[in-house]
Protein chains: 2
Amino acid sequence: MDELVERGVRITRQRRVLISVIQNSPTHLDATALLAIAKQQDSGINLATVYRTLALLKNCGLIDELDLMHLEGEKHYYEAKTSSDHCHLACFGCGAIMEYASPLFEKLKRKIAADSGFRIRVARLELGGLCKQCAKTTA
Amino acid sequence: MDELVERGVRITRQRRVLISVIQNSPTHLDATALLAIAKQQDSGINLATVYRTLALLKNCGLIDELDLMHLEGEKHYYEAKTSSDHCHLACFGCGAIMEYASPLFEKLKRKIAADSGFRIRVARLELGGLCKQCAKTTA
DNA sequence: TTTTACTTGCGAATGATTCTCAACTGGGAA
DNA sequence: TTCCCAGTTGAGAATCATTCGCAAGTAAAA
Ligand SMILES: [Mn+2]
Ligand SMILES: [Mn+2]
Ligand SMILES: [Zn+2]
Ligand SMILES: [Zn+2]
């Protein structure tokens, strides 16, 4: 939040609510789900504002955008960015989404940057497949 | 192609053309671009068939779907899958898309699978940032 | 307070992707 | 070879996510 103030971004009532919802959400939210939760605190919030705020936060590097293998439709999901990136494992069998962080992932990013001279601002590693449970079931 | 026959998938004129276009494309194609190129060989092809074929190939694991950081709109891009996965670097400055393959990436995938018991079918690593050139320019 | 550039709500507009259904066809069976 | 039909296609409508346009509202600097 202070991040935004420093950048001269105006803190509106709607933005305050949306940011809080995203930061406290235990799950990955799509725009509609985010709106539904935000409305509980500020019933007037509009879907267009949700999208505008998501774009703002994404540009500021405060949230990450995910596909989660489009397990249920073409929408995107969002989560607050944390210090170390984690990757997402999406199970085609049961639809579960798991997270996985590893120093090896950080190392890979550093190596890519070093090898290519690319300055990484966003890193997204998403895997699709079968979770332990489902892999067992499917033989 | 033989892959498909083995799976009992019917090889139609349209599918033959679409598969060939994807396999020979030097760039990452979205559905509309794919249609445009395919039409040069078979003018009757329809966009719905393009989407149906993309879904088919994706399910068979013959192509990968990419976001390329949605640098230009919410569409998706496709490319023929090759033996070793590579990641995609998308430059926010000039829009360039670079590819990068590394044994370290393969290693990370193996480690994730080993650690979590997840059976990986699709792996997508996409990075957004500034390419060497643009990083220099932007200070 | 006053001011004003930045935001918002609302509804319409876009763009991508999917669906419906009648007509068509690949490829196994006869 | 010809026949047959389950699987596939084209066309257009429908759906869904996301963006726009604009008048009205409001942070926050002065
Ligand atoms: Mn996550
Ligand atoms: Mn996407
Ligand atoms: Zn599962
Ligand atoms: Zn660049």
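Below, chain A is the first sequence line, B the second, and so on; all start at residue 1.
An angle of 40°, rounded to 10°, separates the two end axes of the helix from C:dT1-D:dA30 to C:dA30-D:dT1, each defined over five pairs.
Taking A:Ser25 as the reference, A:Thr27, A:Leu29 meet the side-chain contact (heavy atoms from CB on, under 4.5 Å) condition, with sequence neighbours excluded. A:Ser116 pairs by the side-chain contact (heavy atoms from CB on, under 4.5 Å) definition with A:Ile112, A:Phe118, B:Leu89, not counting sequence neighbours. In terms of the side-chain contact (heavy atoms from CB on, under 4.5 Å) criterion, A:Ala36 has no residue partners (sequence neighbours excluded). Judged as a salt bridge (Lys or Arg N to Asp or Glu O under 4.0 Å), and not counting sequence neighbours, the contacts of B:Lys58 are B:Glu65. For B:Arg13, the side-chain contact (heavy atoms from CB on, under 4.5 Å) partners are B:Asp42, not counting sequence neighbours. With sequence neighbours excluded, the residues forming a salt bridge (Lys or Arg N to Asp or Glu O under 4.0 Å) with B:Lys75 are B:Asp30, B:Glu72, listed by chain and number.
A salt bridge is defined here as a Lys NZ or Arg NE, NH1 or NH2 lying under 4.0 Å from an Asp or Glu carboxylate O, and B:Asp85 with B:Arg124 fails to meet this definition.
Identified under the ring pair (Phe, Tyr, Trp, His ring centres under 6.0 Å) test for residues 35-75 of chain B, with sequence neighbours left out: A:His76-B:His70, B:His70-B:His76. Sequence neighbours left out, the pairs with a member in residues 82-103 of chain B that pass ring pair (Phe, Tyr, Trp, His ring centres under 6.0 Å) are B:His28-B:His88, B:His86-B:His88.
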inquiry  = For a quick check, with a 4.0 angstrom heavy-atom cut-off, what is the B/S/- contact string for nucleotides 11-22 of chain D, read 5' to 3'?
reply    = B-----SBBBB-

message = Return a single string for nucleotides 24-30 of chain C, one symbol per nucleotide in 5' to 3' order, where B is base contact, S is sugar-phosphate-only contact and - is none, cutoff 4.0 angstrom on heavy atoms.
response = -BBS---

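Between the CD1 atom of B:Ile19 and the P atom of D:dT8 there is a distance of 12 Å, rounded to whole Å. Here the P atom of nucleotide D:dT9 and the CG atom of B:Leu54 are 12 Å apart, to the nearest Å. Atom pair A:Met1:CE and D:dA27:P shows a separation of 12 Å (rounding to whole Å applied). One atom, OH of B:Tyr77, and another, C1' of C:dG15, lie 13 Å apart when rounded to the nearest Å.
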List, one per line, each side-chain donor-acceptor pair under 3.5 Å for residues 1-12 of chain A, sequence neighbours excluded.
from	atom 1	to	atom 2	distance (Å)
A:Arg7	NH2	A:Cys60	O	3.1
A:Thr12	OG1	A:Arg15	N	3.1

